[in-house]
Q: 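Below are the structure tokens for one structure; questions will follow.
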Amino acid sequence: YTFSFGVLNQNVGDLSNYELFSTALSQNPMYQHFLAWSMLATAFLICFRRSRPMGTILALAISLNIFFLSTGFNHKTNPRAVLLLSMSCYLLVVQWPFYSSIFLFNQKIKKRKYPFPTNIKLYESISIFKGIFLAGLLVFLHFKKESRWLTRYYAEDNPIVGAWKIDHSETSLDRNQTKEFLQAEIFFFDKGSSAFIELNDSVSRFKYLLDPDQDQFDMYDFHQLREVDLKGKYELIDPDTLIFNGKNHRDSIMVKLIREKEYDRYIK
């Protein structure tokens, strides 16, 4: 859950359930770490036959928590939460004789009977199929979630995440929207590819692409300034000073940006 600067100038009542949920959890990394380690520990317990009943109970508790949170806040990962809850319920149903013998009827656990006791290869094939299916499902969910993996990979050490103001600028041709761009009060760069520009007391979104390996820095798809499409290089003088040299279409432009540190407290 990452914080987005797009919610800074909005009232809490104006935020969608999803925005409120993501913003709140982005400021609570301890809960994220607790949930992640709990899921890993649960998966470890499920892997072994003797600890599987304990792991199943924990899996059900965690998946219920995720399901109700994602459903109540209309989170976009709700289908994944349903999948987790369904898998946890399946584990519970499969092991129901164990739980009923201990907690309800105090009966001895009956030895599991296989419908095809002589066909060992069939069970081995089913086990292999389940392993392949699970591995494929995990890979599919991972790459579906990280469809912009490369952008997020660069975002891990993204040096420009935060708020910046223009300290100095030069341009070869002062077009109307280029002039408006250079009069922006402040720029906000999220982790990933989303950014925001505050202009004339209103905030609008645009996108950016940062490639540290090539020192490439592009800003495009402005919601208000349709004529602005910046492509160029950047130089990080120090962590709080950045110089952009590039072009807006055919017009050369140079912008010196200074970091506004008061917004760094939102970035975890």
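Side chains included, hydrogens not; waters and symmetry mates left out as well; all remaining heavy atoms used.
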Q: Using modelled atom types and a 3.5 Å cut-off, is there a donor and acceptor pairing between side-chain atoms of Glu185 and backbone atoms of Leu199?
A: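 Answer holds: yes.
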Q: Under 3.5 Å, is there a donor-acceptor pair between the side chain of Arg259 and the main chain of Pro239?
A: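 Confirmed, Arg259 side chain pairs with Pro239 backbone.
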Q: Is there a donor-acceptor contact under 3.5 Å linking the side chains of Asp211 and Tyr234?
A: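 No donor-acceptor contact under 3.5 Å links the two side chains.
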Q: Salt bridge or not between Asp221 and Arg226? Use side-chain N to carboxylate O under 4.0 Å.
A: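 Between Arg226 and Asp221 there is a salt bridge, with a charged N closer than 4.0 Å to a carboxylate O.
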Q: Would you check, one step at a time, whether the test ring pair (Phe, Tyr, Trp, His ring centres under 6.0 Å) holds for Tyr220 with Tyr208?
A: CA-CA 6 Å; Tyr220 57 97; Tyr208 76 98; 8.8 Å; no
Q: After noting the C-alpha distance and the side-chain angles of Phe189 and Phe5, does the key distance pass the ring pair (Phe, Tyr, Trp, His ring centres under 6.0 Å) rule?
A: CA-CA 7 Å; Phe189 294 96; Phe5 285 102; 9.1 Å; no
Q: Around atom CZ of Phe34, are there more than 12 heavy atoms of other residues, nucleotides or ligands at under 6.0 Å?
A: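 No, because the 6.0 Å sphere around CZ of Phe34 holds 12 heavy atoms or fewer from other groups.
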Q: Does a side chain donor of either Ser4 or Asp190 reach within less than 3.5 Å of an acceptor in the other side chain?
A: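 Checked: Ser4/Asp190 side chains pair up, N/O donor to acceptor below 3.5 Å.
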Q: Below 4.5 Å, heavy atoms only, C-beta onward: do Leu242 and Lys256 meet side chain to side chain?
A: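 Not touching, per the 4.5 Å side-chain cut-off.
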Q: Say you draw a straight line from CD1 of Ile243 to CG of Leu236; how long is it, rounded to the nearest 0.5 Å?
A: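 The CD1 atom of Ile243 sits 10.0 Å away from the CG atom of Leu236.
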Q: Between Lys233 and Asp215, does any side-chain N to carboxylate O distance fall below 4.0 Å?
A: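 Answer for the salt bridge query: no.
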Q: Ignoring hydrogens, what is the shortest heavy-atom contact between Tyr31 and Leu25? Give both atom names and the distance.
A: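 In terms of heavy atoms, the two residues are closest at CD2-CD2, 3.7 Å.
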Q: Looking at Ser252 and Thr171, what are the two nearest heavy atoms and their distance?
A: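 The answer is O-OG1, 3.1 Å.
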Q: Going from CG on Leu83 to CZ on Phe67, what distance comes out if it is rounded to the nearest 0.5 angstrom?
A: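 So the CG of Leu83 and the CZ of Phe67 are separated by 12.5 Å.
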Q: Please report the shortest heavy-atom distance between Phe217 and Phe244, naming the atom on each side.
A: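 Looking at all heavy atoms of both residues, the shortest contact is O-CE1, 3.1 Å.
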Q: Say you draw a straight line from NZ of Lys231 to CD1 of Ile253; how long is it, rounded to the nearest 0.5 Å?
A: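 Separation between the atoms: 14.0 Å.
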Q: Supply the atom-to-atom distance Leu60 CG to Thr56 OG1, rounded to the nearest 0.5 angstrom.
A: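 So the gap between those two atoms works out to 9.0 Å.
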Q: For the NE2 atom of His223 and the OG atom of Ser202, what is their distance to the nearest 0.5 Å?
A: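 Spacing of NE2 (His223) from OG (Ser202) equals 12.5 Å.
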Q: Going through the checks in order, is the ring pair (Phe, Tyr, Trp, His ring centres under 6.0 Å) test met by Phe188 and Phe196?
A: CA-CA 5 Å; Phe188 299 104; Phe196 302 88; 7.4 Å; no
Q: Once the angle between the rings of Phe187 and Phe206 is folded into 0 to 90°, is it parallel (under 30°), tilted (30 to 60°) or perpendicular (over 60°)?
A: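 Rings of Phe187 and Phe206: perpendicular, as their planes differ by over 60°.
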